[in-house]
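In what follows, chains are A, B, ... by sequence order, proteins preceding strands, each numbered from 1. Since this is a predicted model, take the numbers as computed values, not measurements.
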Amino acid sequence: MSSSSSGAVRGETTPASSATRQAKRNEVLTGLVNWMKENKRELPMRAEDVTPWGTLVGEVMSQQTPMPRVQPIWSRWMQLWPTPAALAVAPASRVLVEWGRLGYPSRALRLRECAIAISERPGGQVPADFESLCSLPGIGPYTASALMSFQFHERRAVLDTNIRRVIARIFSGIERPASSSPTRVERDLADSLLPSSGVECATWNLALMEFGAIACTSKNPGCDTCPLASECAWFVAGRPMVEVKRKSQAWAGTDRQARGRVVQLLRDLHVSGDSSVSSASSDSPVASGDSSATGNVPSPIDEAAPTVSYSAALEVATLPGSDPDQAPRVIEGLLADGLLVRVGEDRLALPR
DNA sequence: AAGCCGGGGAC
DNA sequence: GTCCCAGGCTT
């Protein structure tokens with residue numbers, strides 16, 4: 001029943017309009033594929049031989065993070081932890097260090113939990129069904145659908161921020177979706193636009209996503225040179241803009257910034273104790289790494305994991321002009337989230 | 001449904 | 001300065 005037939009039952013989707021929409025879809029798909037030949041980015045993440053695990057890691061890293069920043073970190077991770085089993089036995093501290101400055105470090109911990117969960121499955125492979133994927137830590141509807149389409153070639157719509165915007169413009173005639181998460185109406189429309197085969201759907205999804213990321217961008221879409229302008233309902237309608245009351249997402253002085261500073265401090269301590277640097281003594285008076293002698297130890301994360309005093313963490317978490325409660329609140333939040341652990345009486349470290 | 005969670009680059 | 005980004009989790 002999934003294949004094109006019905007839909008006439010529900011008033012709006014008559015066979016005629018459905019056929020018209022499919023025809024337009026075909027025009028758009030042709031245009032996008034043509035556009036891709038010239039404009040598609042060559043990303044290691046998209047290579048033919050990338051495993052489901054590699055795609056999973058890349059998609060999680062890409063959540064709220066531009067691809068150019070993801071690529072080098074992803075490549076490094078694939079060298080270090082090419083399988084779920086490899087990541088599953090890695091120390092959380094090491095995972096956080098290798099996450100670097102990608103942002104939202106909780107994603108790194110969830111990815112590790114995800115690797116553990118996959119390793120505990122029979123066979124230890126990345127599950128190839130949508131529901132099982134959604135049950136994994138850090139894997140939501142978007143990431144699960146991306147895996148099902150790009151890796152397993154299931155006939156499934158992928159609704160990320162780029163695809164939602166491109167569909168909204170071309171097929172709905174609006175500048176951008178109104179809601180922050182996909183609505184039922186959006187999913188139904190996206191489903192109705194899917195090509196007939198799973199492989200074609202993967203091409204369709206990737207083309208929409210890439211087009212939205214490069215050409216049909218949120219702020220300055222290149223309508224002047226857009227090969228789909230004549231097909232775009234939004235362009236034809238004169239590009240009506242929607243009023244979006246954006247909640248100012250301030251950065252300076254926020255808990256986020258304070259959290260980031262604390263985690264960065266711990267990351268830096270791990271890195272400086274990594275190999276050559278030994279970090280003398282002058283630059284970080286708060287460190288008590290106890291890196292002993294062991295000059296060339298290849299595994300810096302042993303019993304001597306770097307720690308900081310609670311007061312030093314408080315100091316780093318104290319931002320100019322912030323209220324006095326912020327720093328302790330931030331530290332407690334990091335502990336609650338598992339990004340920090342208590343060590344001994346009055347010291348903090350990255351989780352083991 | 002709304003709030004929270006990093007960080008950097010484009011503008 | 002603001003806005004954006006291959007979202008997900010918690011309440």
Side-chain angles (χ1 to χ4, degrees), chain A residues 40-41 43-46 50 54-74 96 99-111 113-114 133-151 156-167 175-184 202 205-214 216-222 241 244-267 317 319 329-330 332-334 336-340:
Chain A
K40 184 176 72 169
R41 297 173 291 188
L43 302 173
M45 232 181 80
R46 290 203 200 121
V50 171
T55 301
L56 188 157
V57 171
E59 293 299 340
V60 171
M61 287 181 171
S62 301
Q63 293 166 6
Q64 298 293 287
T65 306
M67 282 300 314
R69 291 178 51 199
V70 166
Q71 185 220 322
I73 306 291
W74 179 85
L96 287 169
W99 189 257
R101 294 174 162 274
L102 273 189
Y104 294 128
S106 291
R107 287 184 293 163
L109 296 183
R110 290 199 202 104
L111 210 33
E113 294 304 315
C114 180
L133 286 169
C134 284
S135 72
L136 295 170
I139 309 299
Y142 161 72
T143 306
S145 60
L147 271 165
M148 292 313 301
S149 178
F150 299 142
Q151 264 290 340
R156 179 177 287 276
V158 176
L159 287 177
D160 77 313
T161 183
N162 285 318
I163 294 180
R164 291 180 65 205
R165 182 178 57 249
V166 174
I167 289 181
E175 184 209 3
R176 68 185 71 233
S179 67
S180 59
S181 60
T183 64
R184 179 56 181 270
N205 288 324
L206 180 63
L208 286 173
M209 196 178 294
E210 191 74 351
F211 187 69
I214 294 178
C216 193
T217 54
S218 180
K219 277 199 79 171
N220 300 111
M241 307 296 278
V244 184
K245 60 170 184 182
R246 319 184 186 282
K247 350 178 189 184
S248 60
Q249 48 176 136
W251 169 247
T254 60
D255 283 16
R256 284 181 170 181
Q257 185 186 26
R259 288 169 60 104
R261 286 171 58 90
V262 176
V263 175
Q264 182 191 349
L265 169 64
L266 272 299
R267 270 201 318 257
L319 303 172
R329 179 177 68 241
V330 159
E332 293 307 316
L334 289 170
D337 291 345
L339 289 164
L340 289 182

- Task: Check the pair A/Gln264, A/Arg101 against side chain to side chain contact (heavy atoms under 4.5 Å, CB included), reporting the backbone distance first and the verdict last.
- Result: CA-CA 8 Å; A/Gln264 182 191 349; A/Arg101 294 174 162 274; 2.3 Å; yes
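- Shown here are the side-chain contact (heavy atoms from CB on, under 4.5 Å) partners of A/Ala157, two or more places apart in sequence or in another chain: A/Ala190, A/Asp191, A/Leu194.
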- Between A/Leu111 and A/Trp99, is a side chain to side chain contact (heavy atoms under 4.5 Å, CB included) present by the stated rule, with each step listed? CA-CA 11 Å; A/Leu111 210 33; A/Trp99 189 257; 4.1 Å; yes
- Message: side chain to side chain contact (heavy atoms under 4.5 Å, CB included), that's the test. Do A/Tyr104 and A/Gln64 meet it? Break it down for me.
- Response: CA-CA 9 Å; A/Tyr104 294 128; A/Gln64 298 293 287; 3.8 Å; yes
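- In terms of the salt bridge (charged side-chain N to carboxylate O under 4.0 Å, His left out) criterion, residue partners of A/Glu210 (sequence neighbours excluded) are, by chain and number, A/Arg41, A/Arg46.
- The nearest whole Å value for the distance from the CG atom in A/Leu102 to the P atom in C/dG7 is 13 Å.
- With a 4.5 Å cut-off on side-chain heavy atoms, A/Arg267 and A/Val263 count as touching.
- Using a 4.0 Å cut-off, some side-chain N or O of A/Thr161 falls inside it from OP1 or OP2 of C/dC5.
- If you take atom P in C/dG8 and the same atom in B/dG9, they sit 24 Å apart, rounded to whole Å.
- Between A/Ser181 and A/Val263, it is A/Ser181 whose nearest contact on DNA chain B lies nearer the 5' terminus.
- A/Met67 places its CE atom 16 Å from the C1' atom of C/dC4, with the value rounded to the nearest Å.
- In this structure, the CD1 atom of A/Ile214 is 12 Å from the C1' atom of C/dA6, given to the nearest Å.
- Protein atom CG of A/Asp160 is 10 Å distant from nucleotide atom P of C/dG8, rounded to whole Å.
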- Taking it one step at a time, do A/Leu133 and A/Thr143 satisfy side chain to side chain contact (heavy atoms under 4.5 Å, CB included)? CA-CA 8 Å; A/Leu133 286 169; A/Thr143 306; over 6 Å; no
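- Spacing between atom CZ of A/Arg107 and atom P of C/dG7 amounts to 9 Å, rounded to whole angstrom units.
- The separation between A/Trp74 atom CH2 and C/dA6 atom C1' is 14 Å, rounded to whole Å.
- Between the side chain of A/Tyr142 and the base of C/dG7, no donor-acceptor pair of N or O atoms lies under 3.5 Å.
- If you measure from atom NZ of A/Lys40 to atom P of C/dA6, you get 17 Å, rounded to the nearest angstrom.
- In this structure, A/Phe150 has no ring-ring contact (aromatic ring centres under 6.0 Å, His included) partners at least two apart in sequence or on a different chain.
- For the pair A/Ser218 and C/dC4, the criterion of a side-chain N or O lying under 4.0 Å from OP1 or OP2 is met.
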- For DNA chain C, the dot-bracket pattern of Watson-Crick and G-U pairs whose distances stay under 3.5 Å, | for other-strand partners: |||||.|||||
Got a list of protein N/O to nucleotides 8-11 of chain B N/O distances below 3.5 Å?
from	atom 1	to	atom 2	distance (Å)
B/dG8	OP1	A/Arg101	NE	3.3
B/dG8	OP1	A/Arg101	NH1	2.8
B/dG8	OP2	A/Arg101	NH1	3.4
B/dG8	O4'	A/Arg69	NH1	3.4

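- Rounded to the nearest Å, the gap between the P atom of C/dC9 and that of B/dG8 is 24 Å.
- Closest approach of A/Val50 to A/Pro44, counting heavy atoms only: CG2-O, 3.4 Å.
- OP1 or OP2 of C/dA6 has not a single side-chain nitrogen or oxygen of A/Thr143 nearer than 4.0 Å.
- Between the C1' atoms of B/dG6 and C/dC4, the separation comes to 13 Å (whole Å).
- For the residue pair A/Asp337/A/Ser106, the side-chain donor-acceptor check at 3.5 Å is not satisfied.
- Proximity note for A/Gln63 (side chain, C-beta onward) versus C/dC4, C/dA6, C/dG7: the nearest is C/dG7.
- For the residue pair A/Tyr142 and A/Glu59, a side-chain donor N or O sits within less than 3.5 Å of a side-chain acceptor on the partner.
- Minimum heavy-atom separation, A/Gly58 to A/Met45: CA-SD, 3.5 Å.
- For the atom pair CG (A/Asn205) and CD1 (A/Ile163), the distance works out to 5.0 Å, reported to the nearest 0.5 Å.
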Tabulated below should be each protein N or O lying under 3.5 Å from an N or O of nucleotides 9-11 of chain C; please produce it.
from	atom 1	to	atom 2	distance (Å)
C/dC9	OP1	A/Gly138	N	3.0

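- The OH atom of A/Tyr104 sits 8 Å away from the C1' atom of B/dC4 (whole-angstrom rounding).
- Close to C/dC4, at under 4.0 Å from its OP1 or OP2, lies no side-chain N or O of A/Arg165.
- An OP1 or OP2 oxygen of C/dC5 is reached within less than 4.0 angstrom by no side-chain nitrogen or oxygen of A/Gln64.
- The base of C/dG7 has none of its N or O atoms less than 3.5 Å from a complementary donor or acceptor on the side chain of A/Thr65.
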